[in-house]
Amino acid sequence: MRIGVIGAGAVGTTVAALLAAAGHEVHVAARRATAETIAADGLHLDGAFGRHAVAVAADERLPPGLDLALCATQAHDAAAALAANADALVATSVVALQNGLGGVDTAARVLGGRRDVHGALVLFAATGTAAGRAVATARGPVFVGAGSGWASPASRRVATILASALPARAVDRFTGAQWAKLLVNHVNALPAITGSSVQAVSRDPGLVRVLARSLREAVLVAERQRVRITGLGPLRQVDVHALGHRPFDDAVDVARRLGHAFGPVPNPASTLQAIRRGRRTEIDELNGRVATLAAHHGIDAPVERTLTRLVHEVERSGRFLAPGAVVAAVSA
Ligand SMILES: NC(=O)C1=CN([C@@H]2O[C@H](COP(=O)(O)OP(=O)(O)OC[C@H]3O[C@@H](n4cnc5c(N)ncnc54)[C@H](OP(=O)(O)O)[C@@H]3O)[C@@H](O)[C@H]2O)C=CC1
Ligand SMILES: CC(C)(CO)C(=O)C(=O)O
């Protein structure tokens with residue numbers, strides 16, 4: 001298959017390298033300097049999916065005539081990246097890999113309301129190390145779907161193509177699964193604020209309770225949105241229930257397990273990686289999105305609000321906070 005990947009960061013490099021290693025003809029669209037490096041040196045992936053060095057085509061734009069295109073930019077770059085490639089994608093199935101709730105809608109809107117647009121919920125963890133280079137710090141599947149019903153034949157086809165290269169499958173009730181991924185991504189904020197890993201946060205008795213409180217707020221907001229969150233990857237349906245409704249210590253247990261679901265290799269998660277590279281984070285699409293929805297429903301979500309504010313403060317200052325300062329800020 002001829003497959004395009006827009007964005008050669010942590011996720012784009014991982015997926016593109018695995019697709020190329022599985023024998024697909026892969027075209028990468030990246031910023032000019034990155035595209036030149038990849039065209040000359042190929043893609044290099046190490047870690048949980050093995051070591052791969054593969055040659056791929058790379059340019060600032062994708063060529064026309066692709067069977068499938070994956071958008072692997074950060075959420076706030078997706079609209080511009082897809083618009084820049086829209087002419088090449090008129091007859092191509094498109095998959096949005098962004099975290100948060102808006103990936104599929106953004107892609108469909110930018111591509112003129114097209115129906116062959118799918119979302120992918122990525123549950124592996126990857127860290128970008130240089131242009132066209134990434135390390136997968138934890139394995140995990142990719143779930144493909146769209147909308148609130150059964151997975152369509154088109155989503156199943158996309159999942160089958162991806163499954164030729166990495167663990168991937170179609171998922172029903174994508175909207176509920178996307179909320180489950182949003183809950184999983186609650187592990188992102190505290191490493192970004194403290195400069196530590198997801199696993200280190202889960203081991204810290206104060207921070208893991210903050211994580212559990214933020215998760216509890218998110219579950220209550222989802223319920224007010226009338227979303228039924230499905231189990232996904234490390235987060236089972238019973239865990240979602242525990243986060244919202246069981247005694248708080250049960251929610252803390254779920255939060256702790258979520259952090260350890262990423263294995264022994266320290267996972268900074270994508271939000272801390274953005275901060276380390278001096279890039280804008282996606283926090284407004286994660287905890288910030290929950291805080292906004294909470295306000296819309298007249299619910300108080302003080303932990304979601306505070307975590308969003310603290311990530312923005314670290315984005316601006318570049319100074320991480322000690323765990324005790326975070327616990328104090330959330331409890332103030
Ligand atoms: N990292 C992870 O483990 C996971 C990440 N995700 C999600 O996947 C998405 C991508 O994350 P991640 O790979 O970590 O992010 P990165 O920032 O590492 O990669 C995004 C890449 O897209 C590039 N880009 C932005 N705009 C364009 C454009 N117009 N044309 C070409 N390239 C462009 C960026 O370049 P530049 O930096 O120069 O702007 C960057 O190299 C995010 O939504 C993230 O939340 C999901 C699961 C796991
Ligand atoms: C799955 C997880 C948490 C992997 O780190 C991720 O989505 C991210 O880093 O944004």
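Numbering of ligands and ligand atoms starts at 1, following listing order. Heads up: numbering here begins at 1 and tracks the sequence. Computed from a predicted model, the values in this text were never measured in an experiment.
For the pair Glu282 (side chain) and Ala75 (backbone), a donor-acceptor distance under 3.5 Å is present. Not one N or O on the side chain of Arg236 forms a donor-acceptor pair closer than 3.5 Å with the backbone of Gly231. Judged by distance alone, the side chain of Thr175 and the main-chain N or O of Gly147 form a donor-acceptor pair under 3.5 Å. Ser155 places no side-chain N or O within 3.5 Å of a backbone atom of Ala151 that could act as its donor or acceptor partner. In this structure, the side chain of Ser331 does not engage the main chain of Ala328 through any donor-acceptor pair within 3.5 Å. Side chain of Gln178 to main chain of Leu101: a donor-acceptor pair is present (N/O by atom type, distance under 3.5 Å, no hydrogens or angles). With hydrogens and angles ignored, the 3.5 Å screen pairs no side-chain donor or acceptor of Glu304 with any backbone N or O of Gly288. Side chain of Asn85 to main chain of Leu62: a donor-acceptor pair is present (N/O by atom type, distance under 3.5 Å, no hydrogens or angles). Side chain of Gln199 to main chain of Asn267: a donor-acceptor pair is present (N/O by atom type, distance under 3.5 Å, no hydrogens or angles). Remark: side-chain polar atoms of Thr92 are not paired, donor with acceptor, to backbone N or O of Asp67 under 3.5 angstrom.
Under the 4.0 Å criterion applied to side-chain N and carboxylate O atoms, Arg309 and Glu313 are assigned as salt-bridge partners. A salt bridge does not link Arg246 with Asp253: every distance from a Lys NZ or Arg NE/NH1/NH2 to an Asp or Glu carboxylate oxygen is 4.0 Å or more. A salt bridge links Arg257 to Asp239: one of the charged nitrogens lies within less than 4.0 Å of a carboxylate oxygen. A salt bridge is absent between Arg280 and Asp77: the closest approach of a Lys/Arg side-chain nitrogen to an acidic carboxylate oxygen does not fall below 4.0 angstrom.
The closest approach between Lys181 and ligand 2 falls below 4.0 Å for a heavy atom of the residue. Using a 4.0 Å heavy-atom cutoff, Gly128 is absent from the residues neighbouring ligand 1. Residue contacts with ligand 1 do not include Arg61, since none of its heavy atoms lies under 4.0 Å from the ligand. Using 4.0 Å as the threshold, Ala125 has a heavy atom nearer than that to some atom of ligand 1. Heavy-atom separations between Arg277 and ligand 1 include at least one value shorter than 4.0 Å.
Contact atoms of ligand 1 toward Gln98: 43 (O) (distance under 4.0 Å to a heavy atom of the residue). Within ligand 2, the atoms closer than 4.0 Å to a non-hydrogen atom of Ala125 are 4 (C), 5 (O), numbered from 1 in the order shown. The ligand atoms of ligand 2 that sit less than 4.0 angstrom from a heavy atom of Phe262 are 1 (C), 3 (C), 4 (C). Within ligand 1, the atoms closer than 4.0 Å to a non-hydrogen atom of Ala72 are 10 (C), 20 (C), numbered from 1 in the order shown. Under a 4.0 Å criterion applied to the non-hydrogen atoms of Lys181, ligand 1 contributes the atoms 46 (C), 47 (C). Atoms of ligand 1 found under 4.0 Å from any heavy atom of Phe124, numbered from 1 in the order shown, are 3 (O), 48 (C). In summary, the atoms of ligand 1 found under 4.0 Å from a heavy atom of Ala126, numbered by their order in the structure, are 1 (N), 2 (C), 3 (O). Numbered from 1 in the order shown, with element, the atoms of ligand 2 that lie under 4.0 Å from a heavy atom of Phe124 read 1 (C), 4 (C). The Ala81 neighbourhood of ligand 1 comprises atoms 28 (C), 29 (N), with distances under 4.0 Å to a heavy atom of that residue. For ligand 2, the atoms lying closer than 4.0 Å to a non-hydrogen atom of Ala269 are 5 (O), 9 (O).
The closest non-hydrogen atom to atom 6 (N) of ligand 1, taken over Thr14, Val184, Asn99, comes from Asn99.
Only one option out of Leu182, Val240, Leu123 pairs with Leu232 in a side chain to side chain contact (heavy atoms under 4.5 Å, CB included); it is Leu123. Residue Leu190 is tested with Leu272, Val208, Val198, Leu307 for a side chain to side chain contact (heavy atoms under 4.5 Å, CB included); the sole match is Leu307. With Asp300 as reference, Arg305 is the one residue of Arg213, Arg305, Arg224 to meet the salt bridge (Lys or Arg N to Asp or Glu O under 4.0 Å) rule.
The nearest protein atom to atom 22 (O) of ligand 1, hydrogens excluded, is given as Gly7 CA, 3.4 Å; this is a heavy-atom distance. Closest protein heavy atom to atom 11 (O) of ligand 1: Gln74 NE2, 4.0 Å. When only non-hydrogen protein atoms are considered, atom 8 (C) of ligand 2 lies nearest to Ser270 OG, 3.4 Å. Of all protein heavy atoms, the one closest to atom 38 (O) of ligand 1 is Arg279 NH2, 2.9 Å. Ranking the protein heavy atoms by distance from atom 26 (N) of ligand 1 puts Arg31 NH2, 3.2 Å first. For atom 18 (O) of ligand 1, the closest non-hydrogen atom of the protein is Ala10 N, 3.1 Å. Of the protein's non-hydrogen atoms, Asn267 ND2, 2.9 Å is the one closest to atom 5 (O) of ligand 2. For atom 33 (C) of ligand 1, the closest non-hydrogen atom of the protein is Thr73 CG2, 3.9 Å. Scanning the protein heavy atoms around atom 13 (O) of ligand 1, the nearest turns out to be Val11 N, 2.8 Å. In terms of protein heavy atoms, atom 19 (O) of ligand 1 is closest to Gly9 CA, 3.2 Å.
Using a 4.0 Å cut-off between heavy atoms, Thr137 makes no contact with ligand 2 at all. The residue Arg280 has no part lying near ligand 1, judged by heavy-atom distances below 4.0 Å. The proximity of Asn185 to ligand 2, defined as any non-hydrogen pair under 4.0 Å, is limited to the side chain. Contact annotation: for Leu97 versus ligand 1, heavy atoms closer than 4.0 Å belong to the backbone alone. With a 4.0 Å heavy-atom cut-off, ligand 1 is reached by no atom of Ala274. Heavy atoms of Ala29 found under 4.0 angstrom from ligand 1 belong exclusively to the backbone. At a heavy-atom cutoff of 4.0 Å, ligand 2 is contacted by the side chain of Asn99 but not by its backbone.
Between the side chains of Thr13 and Arg133, not a single donor N or O lies within less than 3.5 Å of an accepting N or O.
Across all non-hydrogen atoms, the minimal contact from Ala146 to His118 is CB-CA, 4.4 Å.
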